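Before any comments, here is the structure.
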Amino acid sequence: MTSVALLRQITDYANRADPYPLYAELRKTPVVQDETGVYLVSTYWEIRHLLHDPRVSSDVRNLSPEAAGAVGQAEDPNLPPSFLRLDPPEHDRLRRLAMRPFGPPHTPRRVYEMRGELGEIVSGLIDGFRDRGQIDLVDDFSYPFPVTVICRLLGVPREDESRFHGWADTIAGGLDPGHGTEEEREAKQQEVRQARADLAVYLAGLIDERRRSPRDDMLSALATGHGPDGQMSPVDMVITSTLLLIAGHETTVNLITNGMLTLLRNPDVLQRLREDPDLVVPMVEELLRFEPPVQFIPHRTPLSDIEVAGTIIPKGAPLFLMLASGSRDPQRFLDADRFIPDRTDNQHLGFGSGLHNCFGAPLARLEAQIALTELTRRLDNLRLVEDPPPYRQNAVLRGPRHLAVAFDGLKQ
C-alpha cells in the first residue's frame, strides 16, 4: 500500500468483501494522511483515546473550509445537526432528552421488556420460510426484523416502510466518503439533502399527530415529554427521529447478516450455538469486534493541533477513526484475525466509545442475540449458497446486500 490513495483503496468496492488486509497494512503506520488530506487513525489505543478526547469534535462545522470542501458535506445547512454531529453541552442535552423514553435512568427496563415482542417477530418471520428451501437472509429477515422493531418503538406505521426505505438508504449512503468528480460529489450531496428534507416532512407530520393524540411510543414521548432539560424544539424532534429511524435499522441489518455469514463460515461455532444458546451473549460481542457493522467514523476534527502517535494533526483537519481496524489490532487482541466466540476481555470498538457510544447498543445487542439464536436453532442444515456474497456499496456501513442461504426444513 502506498502512502497516498489509502482511502480510495478502502472505499473501492473491489475490497468490500475483505478490507482487513488493507487495515493490517494501515496499522503499520498508526496515523497516515491520505492524498485527500484526511488523517486516518487505525490502531486500537490511539482510536480509543481520540474517542474520549474533548479536543476532538464531531461537529463538521469545525472543519476548516479547505477540509470541508475536500471531503464534501451532505449536511443540510438549513437544518441543525443531530446530536450525533454535536459536541457538549448541546450534544449531552439532546441525548438526555432522547434517552428519557428509551432507557436508563428514566425507563431502565424499556429494552429488556421488548424481549418477548422481539421473539414473536423473529418467530413469525421464520415461520414464513416453511415451504421454502432457500431465502435471501437480507431481504427476508435481516432487514424486515429491525425495521419492524424500530417502527413499533418510534410509532412509525409499518405500512409506510416503503416510503422511508428509499430515503433511509440515500441518507445512510451519505456517510460513505466515495470519490468522484466534484460535480458527482455535489450531486450525491444534493440527493442526500433532498432525502433528509422529504423524511423530515414525513416525520414532522407524525410528530404533530402524536402531540394531539399521544400513544405509547417514542414519538409521543418526544412530542409531549418535559424534564430537567426542558423539551426538544420541533426541529430537534424531527432531526432526532430521523437519526433514530435510520440508525435503528441500518446497522442492525449488517450486524445480523455479518453474524450469520461468520457463523456459516465457522460451522463448529454454529453447532456450539445450537447446543449452548447462552454462547450467543459473548458471541455477539465477538461479532461486533470481528465483523463490525460500522467500519469507521468519518468527519471528526481536532479543535486544536493534537499529537497522535508522533504525528501532529492540525486544527480543522478531517479525521477518520478506523474502528474495524482498531478492533483487529494484534497489539490489543490476541489472535485478532481469529473469530473466538467466547473471547474474554473483549473491549471492542464496534459501538464506538466515549460520549458518542452507540445510543441503540442495548437494543441492537438483543436483536442480534435473539435473531442468531433462533435462526441457527430452527433452520435445519443451514448453509451458504454463495461466498463471498454481493456487498453493499457503502464502505462505512459494510455488510452483504444479499445473503442466499439454503436449508432442509424448519424445526419448532
Side-chain angles (χ1 to χ4, degrees), residues 1-3 6-32 40-51 251 254-273 279-297 309 320-353 358 364-365 368 372 376 383-384 386-392 394-400 403:
M1 185 185 290
T2 64
S3 61
L6 302 176
L7 196 56
R8 187 181 299 276
Q9 294 180 61
I10 290 166
T11 57
D12 186 343
Y13 183 77
N15 297 313
R16 193 73 73 252
D18 187 13
Y20 298 103
L22 292 176
Y23 297 152
E25 283 293 315
L26 200 58
R27 284 193 299 272
K28 292 177 181 178
T29 309
V31 182
V32 178
L40 307 177
V41 181
S42 57
T43 45
Y44 179 88
W45 292 113
E46 283 68 28
I47 292 170
R48 189 170 180 87
H49 172 74
L50 290 170
L51 287 169
T251 52
N254 287 347
L255 177 56
I256 294 170
T257 308
N258 287 338
M260 185 51 66
L261 177 59
T262 302
L263 282 172
L264 291 169
R265 287 171 171 170
N266 295 269
D268 57 324
V269 178
L270 190 147
Q271 185 57 36
R272 280 185 64 191
L273 179 59
L279 179 65
V280 77
V281 175
M283 189 194 75
V284 166
E285 298 310 304
E286 175 70 344
L287 287 169
L288 285 159
R289 184 197 71 82
F290 187 74
E291 282 279 25
V294 179
Q295 293 279 293
F296 55 95
I297 299 175
F320 284 20
L321 305 180
M322 312 304 288
L323 302 181
S325 174
S327 286
R328 293 270 192 125
D329 188 345
Q331 297 299 314
R332 173 59 181 85
F333 297 100
L334 189 67
D335 289 331
D337 286 321
R338 212 175 124 224
F339 177 62
I340 303 174
D342 49 2
R343 183 183 293 272
T344 57
D345 186 28
N346 196 350
Q347 301 293 315
H348 58 76
L349 300 172
F351 286 131
S353 191
C358 178
R365 283 186 166 104
L372 294 173
T376 54
R383 55 201 183 273
L384 281 173
E386 180 183 10
D387 192 16
Y391 275 76
R392 294 175 175 217
N394 199 318
V396 176
L397 302 177
R398 174 182 166 272
L403 185 65

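As the structure is a prediction and not an experimental result, all values here were calculated from the model.
No side-chain donor-acceptor contact under 3.5 Å links R365 to the backbone of V284. N254 places a side-chain N or O within donor-acceptor distance of the main-chain N or O of R398, the cut-off being under 3.5 Å. In this structure, N266 contributes its side chain and D268 its backbone to no donor-acceptor pair below 3.5 Å. Side chain of Y20 to backbone of F290: a donor-acceptor contact under 3.5 angstrom is found. Between the side chain of S42 and the backbone N or O of M322, no donor-acceptor pair lies under 3.5 Å.
Side-chain contact check for Y44 and Q347: no donor-acceptor pair (N or O, by modelled atom type) lies under 3.5 Å.
Sorted by first and then second residue, the pairs that involve residues 334-343 and meet salt bridge (Lys or Arg N to Asp or Glu O under 4.0 Å), not counting sequence neighbours, are R272-D342, E286-R343, R328-D337, D335-R338.
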Side chain to side chain contact (heavy atoms under 4.5 Å, CB included) between L51 and L349: does it pass, once the steps are laid out?
CA-CA 10 Å; L51 287 169; L349 300 172; 4.3 Å; yes
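To the nearest 0.5 Å, the span separating CZ on R48 from CZ on R332 amounts to 8.0 Å.
The minimum heavy-atom distance linking Q331 with D329 is given by the pair N-OD1, 2.9 Å.
Taking T376 as the reference, M260, L263, L270, L273, R274 meet the side chain to side chain contact (heavy atoms under 4.5 Å, CB included) condition, with sequence neighbours excluded.
For the pair P388/D18, no side-chain contact is recorded, criterion being any heavy-atom separation below 4.5 Å from C-beta on.
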